[in-house]
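A short worksheet on the structure shown next.
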Amino acid sequence: MAQDWRIVTLFIGSILVLGAIIGGPLVYAIMLSFYSAKSFVGELQWVGLANYAKAIQDPLFWQSFANGLMIALSAIFLQVVLGVGIALVLNRRFFGQSVVRAVSILPYFLPTVVACLIAQWILDPNYGLLKSLLASFGIGIADWSSQAFTARGTIVLVSVWLWTPFVVTCVLAGLQTIPTQLYEAARVDGAGPWRQFWHITLPGLRSVLVVVILLRGIWMFNKFDLIWLLTKGGPLNQTETLPTLAYRKSFLEFNLGGGAAVATISFLILAGVMLIYLRLFPIDDTKQER
Amino acid sequence: MARISLQHVSKSFGGEQGPWAVKDFCLEIEDGELIVFVGPSGCGKSTTLRMIAGLDEATSGAIVIGGRNVTGLPPKDRNVAMVFQNYALYPQKTVYDNMAFGLHVRGEDKQEIDRRVRAAAASLDLEALLDRKPRQLSGGQMQRVALGRALVRDPDVFLLDEPLSNLDAKLRVKMREEIATLHARLRATMIFVTHDQVEAMTLGDRIVIMRDGVIQQAGKPLELYDTPANTFVAGFIGSPEMNLIDGQLIDEGGRMAVRSGDLTISIPERTFTTNEGTVTLGIRPEHLVIADGSPFEMTVSLVEQIGAQTYLMGMIAGHRMRAVFDRRDGIRSGDKVPIAFPKERLHLFASASGATLRMSEADVKEYS
Ligand SMILES: Nc1ncnc2c1ncn2[C@@H]1O[C@H](COP(=O)(O)OP(=O)(O)O)[C@@H](O)[C@H]1O
Ligand SMILES: [Mg+2]
């Protein structure tokens, strides 16, 4: 028991450090949202809930919320469907399986900046790869970034390309935990491939999918870098989301309080949605039954 | 209900060249018979069962169920039901849905499914558990659900792969009795796989003993006990194991005997072929008798009292042997006990091949 005090010290120390790193900025941001401030060094002026009132009366705020939701949901949907599909294929035995499995994770290692540059290089309306490819067939393309649908679509596609490998890896791991005898029992019971997927594979992946959707949901809803690098919220705020709006207010419009209010509301919405989600789909499904 | 015919069935997981998990397996199983496949782990029991189920494809040979050649057919077209060693219950389904699944998949109507599931649940004492999930069940209950899942299907053949191995000893005996009762009631064709010779002896109408993918002997339990075809079967069936003594066959003035060191035991006439020189003599521990005046003495090294019987271990003329008697009090380790080898209880095998030297009844007649 001579080590007790050391453990306690380490424990308290790490709590303090973590608190300072994570809690500090959080508290500071929330605090800022009650003030009017033009810069981090300037004078702070208490304004109460005025920043919040302004934020939720702004149509752009709600449009950004809707944009973010739409982009996040379609990206997660595609990532999960594709991720499960690819994992099922990679889980079958075939020649070169381990090589293909290793290669398939590669996009996940790509820095977002690089991925966005590659996407722009392919899609650029003037000198892009796609343009010259299509031009050789005599087809012209419009500027993807000038229309809402193509701009959002591009963001979704790049995110699918970057983060589907994460889903594939998680699902592949999940597939290993499903006993093969279940499939054999189902085959003897007369179930074909579709029924085996529906009655064994999908229920067996339940916990993995609950966690994957949770994580991807949080990441996608908070996505800033990808959107900023690709569209900066354009055209005409059609790809503006709450994170880009908060950034725009804080650093381009020098309205730190307003930006902080948007960020705080965004944080509260996300926390609320996640709590409801975990209530509906507990990670450990034994809790659901009792 | 159906007959099963296994014709030269072989299986290799490494292509035509082998090694063979199952080799040239031939067996006719009668309608309503309970056949037990028994043998040490890795001898090919499961593989044979899985080929009958259609889960593994036979490398060569044919499988006929109820007059229908099913060799290339998938499991669903064979009308077999299988019970797995670790139950393989669908973890997210209730007991009811686990049993109903096979019927549901086959498009039975809801009322018929309900009737059959409830009937099976009643016969297996599962009625109170129908709404539970597998993880809320004990091992014995899970095993009964697995049986119920097979039962509702009303299959031609029941295939059971070591269904009792994961249960504790007491429950194992109880479930063994339940399966025997079930078989007596259904009169369905069943194949039961086990590595436990007691399970095999008590359950089987007939037993198939396997080793390294090859059938060693197939027959009624007592046939295997009385006339084992080789030293492997002799050692596998019966507990404690048969005493085996390597020796030479000698002619003692017209009477045949086996000599091994200081031990010379005469063997019965017109029972064994005697043109083999090096032989293995066998006698079961329970067939040794205590006989005053016998030329053989066991120097006892261990006495085990198990209640109804007394187990002895000791040396007879330099050979370590076991003996089992009805309860005898008062024997201590270090005692010398006079032991006789009743002639009609002896077994004789060729040492090289291990095969029995016992003549068939036809041979015996021809000889005399
Ligand atoms: N899927 C497989 N791939 C390769 N070898 C296998 C496979 N299944 C079984 N075997 C081999 O076949 C032999 C028989 O196995 P099995 O039928 O499972 O034995 P048992 O059920 O009698 O213990 C063993 O040597 C085992 O290693
Ligand atoms: Mg086995």
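Proteins get letters first, then strands, A, B, ... in listed order; numbering begins at 1 in each. Keep in mind it's a predicted model, so treat the numbers as computed, not measured.
Heavy-atom proximity under 4.5 angstrom to chain B picks out A:Q181, A:L182, A:E184, A:A185 from residues 152-185 of chain A. The stretch residues 186-202 of chain A places A:A186, A:R187, A:V188, A:D189, A:G190, A:A191, A:R195, A:H199, A:I200 near chain B, each with some heavy atom under 4.5 Å from a heavy atom of that chain. Identified by a heavy-atom distance below 4.5 Å to chain B, contributing residues of residues 76-92 of chain A are lacking entirely.
Of the residues considered (B:G102, B:A53, B:A150), B:G102 shows the highest number of contacts with chain A, using heavy-atom pairs under 4.5 Å.
Heavy atoms closer than 4.5 Å to chain A are found nowhere in B:N79, neither backbone nor side chain. Heavy atoms of B:L89 lying under 4.5 Å from chain A belong exclusively to its backbone. Within the 4.5 angstrom heavy-atom criterion, only side-chain atoms of B:R50, from C-beta onward, approach chain A.
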field: ring-ring contact (aromatic ring centres under 6.0 Å, His included) assessment of A:F281 paired with A:Y277
entry: CA-CA 6 Å; A:F281 305 101; A:Y277 173 80; 5.5 Å; yes
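Panel note: side chain B:R78, backbone B:T71; a donor-acceptor pair is recorded below 3.5 Å.
Sorted by first and then second residue, the salt bridge (Lys or Arg N to Asp or Glu O under 4.0 Å) pairs involving residues 93-110 of chain B (not counting sequence neighbours) are B:E108-B:R116.
Aromatic rings of B:F101 and B:Y90 (six-membered ring for Trp) have centroids within the 6.0 Å cut-off, being under it.
The number of heavy atoms from other shown groups lying within 6.0 Å of CD (B:E28) is above 12.
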